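This report concerns only the one structure given below.
Keep in mind that what you see is a predicted model, and the values were worked out from it rather than measured. The figures that follow rest on heavy atoms only: side chains count, while hydrogens, waters and symmetry mates do not. Sequence lines set the chain letters: A, B, ... in the order given, protein chains first and strands last, and positions in each chain run from 1.
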Protein chains: 2
Amino acid sequence: MGDIFDSDTEVTCRAGGTYDAKITDRWNALHGTPLGSYGLAVAVRALARRMPHPDPLSVSAYFLRPVEGGPAVAHTEVARTGNRMATGQVSLSQDGEEKLRAIATFTDLHRVDGDTSMFGGPPQLPPPDECVDPLDGVAMPGMSLLDRVEYRTTEVPGWLRGEPGGTPARDLWMRLRDGREPDPLALVLLWDAMSPMVLEIGRSPSTTLEATVHIRRRPARGWLACRVGTRYVTGGLCEEDMDIWDSAGRLVAQSRQLTLLHRPAPS
Amino acid sequence: MGDIFDSDTEVTCRAGGTYDAKITDRWNALHGTPLGSYGLAVAVRALARRMPHPDPLSVSAYFLRPVEGGPAVAHTEVARTGNRMATGQVSLSQDGEEKLRAIATFTDLHRVDGDTSMFGGPPQLPPPDECVDPLDGVAMPGMSLLDRVEYRTTEVPGWLRGEPGGTPARDLWMRLRDGREPDPLALVLLWDAMSPMVLEIGRSPSTTLEATVHIRRRPARGWLACRVGTRYVTGGLCEEDMDIWDSAGRLVAQSRQLTLLHRPAPS
């Protein structure tokens with residue numbers, strides 16, 4: 001019933017804060033390796049089992065080594081629990097090697113209320129059914145992620161047409177393809193489920209070093225409107241920021257990642 | 001000799017990755033309590049002792065309880081070391097209570113090179129000596145931080161004149177007051193050494209939950225040009241982003257913090 005994300009992030013308690021998981025090959029990105037944020041979603045789901053509050057509010061992850069398909073173990077630790085928030089830590093390991101480490105604060109996002117002041121708004125996108133599927137007719141062998149996540153844009157990105165556009169920013173719609181509605185855990189995955197913006201300036205990313213995601217609300221059902229952009233490429237590094245809005249036009253998440261780039265090819 | 005920052009962040013190795021430190025009362029913010037990022041700078045300095053590379057490149061901190069004046073202990077752990085980068089973790093505790101926990105990646109920023117592409121530029125500020133000291137004639141008892149850090153702005157911020165301006169953003173110059181030049185560790189402190197932008201919309205912050213700082217270059221000598229802004233206040237939370245540029249006009253750091261706000265006063 002359209003729950004691939006849920007079954008692929010499932011964890012089983014072994015003992016004392018340790019959880020077993022299996023990294024599947026269904027969320028592979030470029031080069032046929034699992035998306036880093038898929039490993040993170042598995043780790044955060046394990047940590048959630050230890051927390052007295054249900055929803056990730058802030059997650060900061062350091063990607064130490066590439067996540068691979070196969071068994072994984074999540075070691076969790078509680079740092080502090082309070083009435084409204086709790087903070088803990090999780091490490092995801094495979095074959096005894098630590099792949100990623102994250103600290104996260106949890107809360108109950110149902111209880112988040114208070115007034116809203118916006119000094120920026122959601123992307124001004126036409127409705128999804130008036131947009132194009134940028135991957136229509138595009139073959140990306142091994143990139144199983146594209147069977148899981150669906151996109152809509154106003155036009156096919158320049159780099160996909162072989163004409164990088166020069167501006168490393170984009171507005172787009174995104175959702176899980178099988179009809180599973182977005183929730184905080186899906187947002188922990190989706191900030192990374194995107195072609196890197198630097199492809200539009202002819203650069204290619206090598207590794208995400210760090211990423212922090214703030215989940216500001218539980219998203220409404222439906223498509224997510226995303227604004228992604230890189231502003232500064234310096235010394236082989238860039239940041240990529242994403243703001244994610246739900247179908248009701250409310251900000252639901254912000255992410256920022258720090259990414260190491262491959263050196264530009266000699267021209 | 002103008003080295004208060006260095007002596008106030010000093011750590012002494014006790015044993016096995018544990019360091020002793022002393023939180024002074026010289027970096028107190030509002031309410032007369034130490035700035036969270038001062039505690040973080042002490043913790044990062046301890047972690048630096050364990051790392052094979054000298055400079056923090058990315059630091060993600062979770063602030064669990066308020067840092068107080070007095071002795072502190074930093075427990076450090078190495079997660080992964082590589083030729084170019086190393087990642088570790090540090091917890092700062094006082095009286096057996098964990099105050100903050102951070103993961104950080106270190107590198108040698110002297111070796112960071114490669115081309116630069118900018119899709120945004122530094123704040124367009126007049127030179128510091130043509131700006132005003134926004135705190136000239138302002139008394140903020142107990143806020144010893146203001147004896148340590150110096151600011152220049154084009155005009156006195158509205159909230160300081162009792163006229164909140166409605167826009168939670170500002171460009172400003174900043175430096176350590178005693179002539180100590182900026183370096184990566186100072187940047188780990190300075191992202192937080194600022195009146196919160198939400199004061200300009202009549203809100204007051206309660207706690208910084210999380211902050212991530214990316215240090216992109218070693219800063220040149222002199223004043224730092226900063227652009228600070230909050231875009232979204234939702235459900236009692238806001239983010240505050242800061243971009244920091246050195247006197248040579250190069251981006252040296254980006255920070256983002258997630259802050260819990262006090263409820264608005266009933267009107």
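Within the 4.5 Å cutoff, no side-chain heavy atoms of B:Leu251 are placed close to those of A:Arg231. Counting only heavy atoms from C-beta outward, the side chains of A:Arg101 and B:Thr87 never approach each other to under 4.5 Å.
Annotation: the span from A:Ser117 atom OG to B:Ile201 atom CD1 amounts to 4.5 Å, rounded to 0.5 Å. Rounding to the nearest 0.5 Å places CG of B:Leu57 at 5.5 Å from CG of A:Leu258. In this structure, A:Glu200 CD and B:Phe119 CZ are separated by 10.0 Å, a value rounded to the nearest 0.5 Å. Separation of atoms OH (B:Tyr62) and CD (A:Gln89) is listed at 10.5 Å; rounding is to 0.5 Å. The distance from atom OG1 of A:Thr207 to atom CE of B:Met85, rounded to the nearest 0.5 Å, is 8.0 Å.
With a 4.5 angstrom heavy-atom cutoff, B:Leu209 touches chain A only via side-chain atoms. In this structure, chain B has no heavy atom under 4.5 Å from any part of A:Arg111. With a 4.5 angstrom heavy-atom cutoff, B:Arg250 does not touch chain A via any of its atoms. Heavy atoms of B:Ala102 lying under 4.5 Å from chain A belong exclusively to its backbone. With a threshold of 4.5 angstrom between heavy atoms, B:Thr212 approaches chain A through side-chain atoms but not through N, CA, C or O. If you measure heavy-atom distances from B:Gln254 to chain A, the contacts under 4.5 Å come from both the backbone and the side chain. Contacts between A:Val59 and chain B at a heavy-atom distance below 4.5 Å involve the backbone alone (N, CA, C, O). Residue B:Thr230 touches chain A through its backbone alone, counting heavy-atom pairs closer than 4.5 Å. Only the side chain of B:Arg217 comes within contact range of chain A, with at least one heavy atom under 4.5 Å from a heavy atom of that chain.
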Steps toward side-chain hydrogen bond (donor to acceptor under 3.5 Å, both in side chains) verdict (B:Glu210, A:Thr105)
CA-CA 9 Å; B:Glu210 184 273 340; A:Thr105 295; over 6 Å; no
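Contact count versus chain B (heavy atoms, under 4.5 Å) is highest, among A:Ala104, A:Ser91, A:Gly82, for A:Ala104. Among A:Cys238, A:Gly236, A:Gly120, A:Gly235, the residue with the largest count of heavy-atom pairs under 4.5 Å with chain B is A:Gly235. Interface remark: of the candidates A:Thr116, A:Thr234, A:Leu260, A:Thr234 forms the most heavy-atom pairs closer than 4.5 Å to chain B.
Remark: side-chain polar atoms of A:Arg216 are paired, donor with acceptor, to backbone N or O of B:Leu237 under 3.5 angstrom.
Between A:Arg256 and B:Glu239, no side-chain nitrogen of the basic residue sits less than 4.0 Å from a carboxylate oxygen of the acidic one, so the salt-bridge criterion is not met.
For A:Arg221, the CZ atom sits in a loose shell: 12 or fewer heavy atoms of surrounding residues, nucleotides or ligands are nearer than 6.0 Å.
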